[in-house]
There are 2 protein chains.
Amino acid sequence: MSRNVRRKPATLTDVAATVGVAPMTVSRVINGNGYVSEETREKVLEAVKKMNYRRNGLARNLKRQKTETVGLVIGDISNPFSTELANAVRESLSFRGYNLFICISEHSAKEDIAAFDSLVDHNVDGLIVATRSNEEGDERLSEIADSGVPIVVVGRDFKHDSVDAVSADNFNGGFEATQHLIDLGHKRIGFIGAGFENRSRLKRLQGYLAALAKHGLSVDERLITGRKGTSDDVPGYSTESIGYEGMKRLLSLPKRPTAVFARNDFTAVGAISAVKEAGLSIPQDIAVVGFDDTPLALHTMPPLTTVRQPMKIQGQLAAEMLLRRITGEVEPEAEEKILDCELIIRESTVSQV
Amino acid sequence: MSRNVRRKPATLTDVAATVGVAPMTVSRVINGNGYVSEETREKVLEAVKKMNYRRNGLARNLKRQKTETVGLVIGDISNPFSTELANAVRESLSFRGYNLFICISEHSAKEDIAAFDSLVDHNVDGLIVATRSNEEGDERLSEIADSGVPIVVVGRDFKHDSVDAVSADNFNGGFEATQHLIDLGHKRIGFIGAGFENRSRLKRLQGYLAALAKHGLSVDERLITGRKGTSDDVPGYSTESIGYEGMKRLLSLPKRPTAVFARNDFTAVGAISAVKEAGLSIPQDIAVVGFDDTPLALHTMPPLTTVRQPMKIQGQLAAEMLLRRITGEVEPEAEEKILDCELIIRESTVSQV
DNA sequence: TGATATTAAGTTAACGTTAACATCCTCTCC
DNA sequence: GGAGAGGATGTTAACGTTAACTTAATATCA
């Protein structure tokens, strides 16, 4: 009907002027608090409808000094890890009346910072960060924490005296995965997804090394293989190619491993492809263990033995800890929660009877 | 060091007072515009650092009347469809300096509305909506569009004279998938994932029906099966169980189909499980086609023939169309773009030679 | 040498709300 | 019938910024 000119949206004051009342009266109608006569309320609501009035959240939140919104920053969104976390966080928050804004940062410091800033700029009441850590990003995060924004980090290194942390016990998960292979009699066990030089950062690799050590198995650095030449931090699905290449390299060794522990399920999937391509069978020739128990793990051939980390609980915990800080219920020292992982044994390590 | 009391954050005015200049001068330093002497700039920056000053985005955006932020509402976040879309949108936007806030709404009208409202409350400059449509949600979306917020919908019905739409050609995709099966000689072809009664809403089902019609094959309603008793709109992964149950139902028919077209890849995966469980082989006994070409499709046994829809392009287009509306470059009639799908033939329909 | 830029500030008035307080009117109830 | 309670408004002053304008000092040039 009416020409759709992009007119300026009506404000609360406009509505008030139209109805012939004070802005405050309109505000009371909109927010449903304070005394307003039925007659006035109706007139106001009518005008609101007619004028397509929508309240301006910026002004509102500016005045109220809170947004009831939490920001979540995740890296690779296509990783089931992230999506399960996001869902759990959202659910816990919505239960308490908080909204969730999610920002994606594809594993670059620049984008991390952009995401942090844009969320903080919108005055989110708190921040949950689940990206991989990097120096510049962490620096900005520290500043934000310093400025008083409540923060919880998930599955990620970060030290700050007012920032809580939640993570899975990646060390122990890696340990158990490796132990499982050792228990099956394997002596030459490879690790795919990161080079030996990353051992200080990567808990799963540390767990692997610890399990070998505990059982008196020597560490063969040639059996630990990541992507050569570059950083090992790449988005989820693309680690599949790392797994594939890594496995090829392991298979070409003079004495190849009889089992491999892959850094995550995607890597494991890539490794499986390489094994099949070489005409070898799983688990008879090579046993494979993954990590994360993504939906993929059920559908590989054979189904993948993997380590499940409790994403849902991590999300819930993160949300709860953050809300506690936001509402100021407690003002404790930074807290760190580490949650147990669970080994899920499937046919990529043990043939079905 | 200092007790970490949650003090009120410093404002621009606080900084100005500390340095002994006007607030405007501090603003100029922060935003890097206007003239400021090197000496003053340094003093201000020093104070900014010392006081942990962060600008208040609410106030800033309120004054500037824009946020350079776009909101994206998606349903099931664990669906690769959504995540690919989100990534493409984010990339296109960040290229133009816009931020992206993502809200998840798990397929409920209440959550749709909550997501729309929370984004609009934060005065996003525009909205991209990719949830399944529902009556109440659409009503609110109309109101928001009426109030002048630029909106683009993706892969979803919605009619409004200022709302653009992008989608894949689901009808044609469904048609080609079915045609492919017909070309292979199949005459009894099932559809899994929605009941016959949903045909008016579901383009993929319409394509299936059209292909049958074109080749003179009769429609057997018993071969079209969804989840019984409930709505067919469920989150991605859980359609796996629908596929499983649906296939079981089809297999128990007196005269079972020789091929099925599943509404999406998850449904197809469930169907495959049921076929295997029945001791039948794919594609010899039953051929299976999916839809979406999710990463899963490559890893099923056998790999899944499926229809790929160009998610990345849909995301890019949506972002571009929205930005055009936001910047007011054009104020056209609502535009609708429908993008071609591509049939990807794998071994779930054609045995490898 | 005056006229005109340029640089470096400061001042004012919003942006659209709402908390806090003030005002006035109408009932109750002892 | 006067005190007190409650209902229905209005007024004022922020929330923290910045656009637009003003002022004033210094530099530049014909």
Side-chain angles (χ1 to χ4, degrees), chain A residues 7-45 47-48 51-69 117 120-125 147-149, chain B residues 7-45 47-48 51-69 117 120-125 147-149:
Chain A
R7 66 228 172 275
K8 257 175 76 174
T11 71
L12 183 143
T13 311
D14 296 338
V15 175
T18 304
V19 180
V21 296
M24 198 54 221
T25 302
V26 179
S27 171
R28 282 193 264 256
V29 172
I30 301 294
N31 295 294
N33 54 27
Y35 296 110
V36 184
S37 69
E38 195 46 44
E39 196 194 345
T40 308
R41 152 171 281 108
E42 268 164 32
K43 276 196 292 184
V44 168
L45 287 178
V48 161
M51 303 172 76
N52 284 319
Y53 169 73
R54 294 217 100 230
R55 74 173 178 221
N56 183 319
L58 296 185
R60 180 168 203 255
N61 291 330
L62 174 60
K63 180 65 192 178
R64 305 175 77 212
Q65 300 282 71
K66 63 182 168 182
T67 59
E68 266 145 10
T69 299
D117 282 350
V120 174
D121 267 4
H122 279 259
N123 286 33
V124 291
D125 292 342
S147 78
V149 178
Chain B
R7 66 231 172 273
K8 259 175 70 173
T11 72
L12 184 144
T13 311
D14 296 338
V15 175
T18 306
V19 180
V21 295
M24 198 55 221
T25 302
V26 179
S27 171
R28 282 192 265 256
V29 172
I30 300 295
N31 295 294
N33 54 27
Y35 295 110
V36 184
S37 70
E38 195 47 45
E39 196 193 345
T40 309
R41 151 170 282 107
E42 268 165 31
K43 274 196 292 186
V44 167
L45 287 177
V48 162
M51 303 172 75
N52 284 317
Y53 168 73
R54 295 218 101 227
R55 74 173 176 220
N56 182 319
L58 295 185
R60 180 168 203 257
N61 291 330
L62 174 60
K63 180 67 192 174
R64 303 175 77 214
Q65 301 284 71
K66 62 181 171 183
T67 58
E68 266 144 10
T69 299
D117 283 350
V120 175
D121 267 4
H122 279 259
N123 287 33
V124 292
D125 292 341
S147 78
V149 178

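All chains are named by letter (A, B, ...) in the order of the sequence lines, taking the proteins before the strands, and each is independently numbered beginning at 1.
With D:dG16, C:dA9, C:dG16 as the choices, the nucleotide that has an atom nearest any side-chain atom of B:Thr25 turns out to be C:dA9. Side-chain proximity of A:Thr40 to the nucleotides D:dT18, D:dT9, C:dT7 is greatest for D:dT9. The listed nucleotides are D:dG16, C:dT6, C:dT17; the one nearest the side chain of B:Ala59 is D:dG16. Listed candidates were D:dT9, D:dT18, C:dT17. Nearest to the side chain of B:Pro23 is D:dT18.
A donor-acceptor contact under 3.5 angstrom links the side chains of B:Asn31 and B:Arg60, judged on distance only. Using a 3.5 Å distance cut-off with no hydrogens or angles, the side chains of B:His122 and B:Thr69 do not pair a donor with an acceptor. A side-chain donor from one of B:Asp125 and B:Thr67 sits under 3.5 Å from a side-chain acceptor of the other.
Nucleic acid contact for B:Thr13: base, since at least one base atom lies under 4.0 Å from a heavy atom of the residue. As judged by a 4.0 angstrom heavy-atom cut-off over every strand, A:Arg28 is placed among the base-contacting residues. The residue A:Asn31 sits close only to the backbone: its heavy atoms come under 4.0 Å of sugar-phosphate atoms, none of a base. Residue contacts for A:Thr11: at a heavy-atom cut-off of 4.0 Å it reaches the sugar-phosphate backbone alone, with no base atom in range.
As rounded to whole Å, 12 Å separates atom C1' of D:dT18 from atom NZ of B:Lys66. As a whole-Å value, the separation of B:Leu62 CG from C:dT18 P is 12 Å. Taking atom CG of A:Asn56 as the reference point, atom P of C:dT17 lies 5 Å away to the nearest angstrom. Protein atom CZ of A:Arg60 is 20 Å distant from nucleotide atom P of C:dC15, rounded to whole Å. Rounded to a whole Å, the CD atom of A:Gln65 is 8 Å from the C1' atom of D:dG16. Nucleotide C:dT18 holds its C1' atom 12 Å from the CZ atom of A:Arg55, rounded to whole Å. Atom CE in A:Met24 sits about 13 Å away from atom C1' in C:dA22, given to the nearest Å. Following rounding to the nearest Å, B:Asn61 (CG) and C:dG16 (P) show an atom-to-atom distance of 13 Å.
Between D:dT18 and B:Ser27, a contact under 4.0 Å exists linking OP1 or OP2 to a side-chain N or O. Between B:Tyr35 and the phosphate of C:dT7, there is a side-chain N or O to OP1/OP2 separation shorter than 4.0 Å. For C:dT17, the OP1/OP2 oxygens have a side-chain nitrogen or oxygen of A:Tyr53 closer than 4.0 Å.
B:Glu39 CD: 12 or fewer foreign heavy atoms inside a 6.0 Å radius.
Distance alone, capped at 3.5 Å, places no donor-acceptor pair between the A:Thr40 side chain and the A:Val36 backbone.
With hydrogens and angles ignored, no donor-acceptor pair closer than 3.5 Å exists between the side chain of B:Lys63 and the base of D:dA19.
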